[in-house]
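Working notes, beginning with the structure itself.
Since we're looking at a predicted model, the values are computed, not measured. We count ligands from 1, going down the list as the structure has it; atoms in each ligand are counted the same way.
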Amino acid sequence: MKAAVFKSGQTATGAFLHIEDVDRPEPTTGYVLLRVVACGVCRTDLHIVEGDLPPIKPLLIPGHQIVGEVAGGATLALPLGTRVGVSWIGGVDGSCWFCHHAMENLCDQPTFTGYTVDGGYAEYALVREDFVFPLPSGLDDAHVAPLLCAGIIGFRSLRVAGVEPGERVGLFGFGSSASLAIAILQSWKCEVYVSTRGEDHRKRAVSLGATWVGAEDEMPPVKLDRAVTFAPSGKVVVSALSSLRKGGVVAINAIHLDQMPAFDYDSLLWGERQIRSVANMTRDDARDFLKVAHALNIRPMVTVYPLADANQALLAVKNESGLGSAVIVP
Ligand SMILES: [Zn+2]
Ligand SMILES: [Zn+2]
């Protein structure tokens, strides 16, 4: 099968991945083989190929927003041809303290799709049968793909921030994940304040109904109850923190941050303000979000790339060019 392969230590900007013929995986007990019909591109993929996250496999097929059809290892619950989604959480051990305490996102022995195991930048992918999710009907393959990480993690971020209906919520950065989260916030009757760079992103936030939109260095005009940061920048976290009321929470939606700058405890964190990271997701987050996305008819904006252009798709994410999400269609 054709696949886009990352070889650790052998990449340069613009040539992160090599398109190659590799062996198609064989289904084994507990796994299903999917024929990949679309795979979304996530900023985490860029962190992997740029070395911000340490390499786990010397040869890796990235991609963790997989839409696929069961093509092997079918079961009663997953007959041949069933369309399912696969996300970043590709498996857990089910036995560690975190798994036993409903925190499988923090599992000690996790499997991450497209990082610790091969993912979906390929014609086929082998995935755990208990880590596939039913997908909302009404969205085609390319448009459903970005829901699988950008959407689920954005939703988890709102949970981690503890957003309550009607609250004032800041979104710092307005890429794929934030543009999906805003639909949920509106359904909760929240006021949404967006700080982001890029005139296109600001216009998009306005068109999606943000209460206030400003540049990345502009502060919202009111104190916020909650904030979620989407940029991989510690400076943005401090901006978000300084916009909070007492008792407010910042949730950091980023697997990697450049650096956390020093900040003044007395004026910024005192008053029971909190900073929380958002790590991975649980299967419940995935199922709950996909139901909400269906009910709200959330439809991401996408740009489709053939597998042969996987590097261009990653560059689009790196340069934040275009709106919405890049999606690879093999
Ligand atoms: Zn575990
Ligand atoms: Zn992701």
Side-chain angles (χ1 to χ4, degrees), residues 4 6 16-17 30 36 38-50 52-53 56 60-68 85-121 125 127-128 130-133 142 144-160 173 175-181 228-232 251-257 277-286 289-290 293 300 302 310 313-314 316-318 320 324-328:
F6 166 61
F16 308 108
L17 304 172
V36 179
C39 186
V41 180
C42 174
R43 178 167 286 278
T44 298
D45 302 335
L46 193 65
H47 289 315
I48 291 169
V49 300
E50 292 202 311
D52 295 323
L53 299 180
I56 308 282
L60 170 73
I61 302 170
H64 59 265
Q65 303 187 89
I66 307 174
V67 182
V86 179
S87 188
W88 172 246
I89 185 152
V92 295
D93 59 13
S95 58
C96 74
W97 187 88
F98 297 96
C99 284
H100 282 306
H101 289 80
M103 290 183 268
E104 67 178 8
N105 60 305
L106 303 179
C107 177
D108 282 332
Q109 301 285 335
T111 300
F112 295 126
T113 313
Y115 183 42
T116 64
V117 297
D118 285 336
Y121 292 3
V127 301
R128 259 176 70 164
D130 49 348
F131 280 79
V132 301
F133 305 108
V144 86
L147 301 183
L148 289 162
C149 181
I152 297 168
I153 286 274
F155 180 62
R156 181 171 180 87
S157 302
L158 303 182
R159 286 183 158 172
V160 169
S176 176
S177 201
S179 66
L180 299 173
V228 182
T229 68
F230 295 90
I252 304 172
N253 177 335
I255 195 169
H256 163 81
L257 277 195
S277 64
V278 181
N280 314 315
M281 76 270 285
T282 66
R283 280 172 283 183
D284 280 345
D285 292 326
F289 169 71
L290 290 166
V302 302
L314 281 167
V317 172
K318 180 178 172 70
E320 296 176 11
S325 304
V327 175
I328 292 171

Worksheet entry | Quiz item: cation-pi between R283 and F131, 6.0 Å / 45° |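 Yes; both conditions hold, so R283 lies above the ring face of F131.
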
Practice prompt. Could you tell me which non-hydrogen atom of I66 sits nearest to which non-hydrogen atom of C39, and how far apart they are?
Written response: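 Between these two residues, the closest heavy atoms are CG1-SG, 4.0 Å.
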
Practice prompt. Considering only NZ, NE, NH1 and NH2 on the basic side and carboxylate oxygens on the acidic side, decide whether E320 and R43 come within less than 4.0 Å.
Written response: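 Salt bridge flag = yes for R43 with E320.
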
Worksheet item: At the Zn ion (ligand 1), what is the angle formed between atom SG of C96 and atom SG of C107, rounded to the nearest 10°?
Response: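 With the Zn ion (ligand 1) as the vertex, the angle is close to 120°.
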
Worksheet entry | Rounded to 10 degrees, the angle NE2 of H64 makes with SG of C42 at the Zn ion (ligand 2) |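 It rounds to 110°.
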
Worksheet item: Side chains of P232 and H47: closer than 4.5 Å at any heavy-atom pair?
Response: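 A side-chain contact exists here, since the closest heavy-atom pair is under 4.5 Å.
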
Fill in: the Zn ion (ligand 1) - closest N/O/S atom in D93
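Output for this pair reads OD1.
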
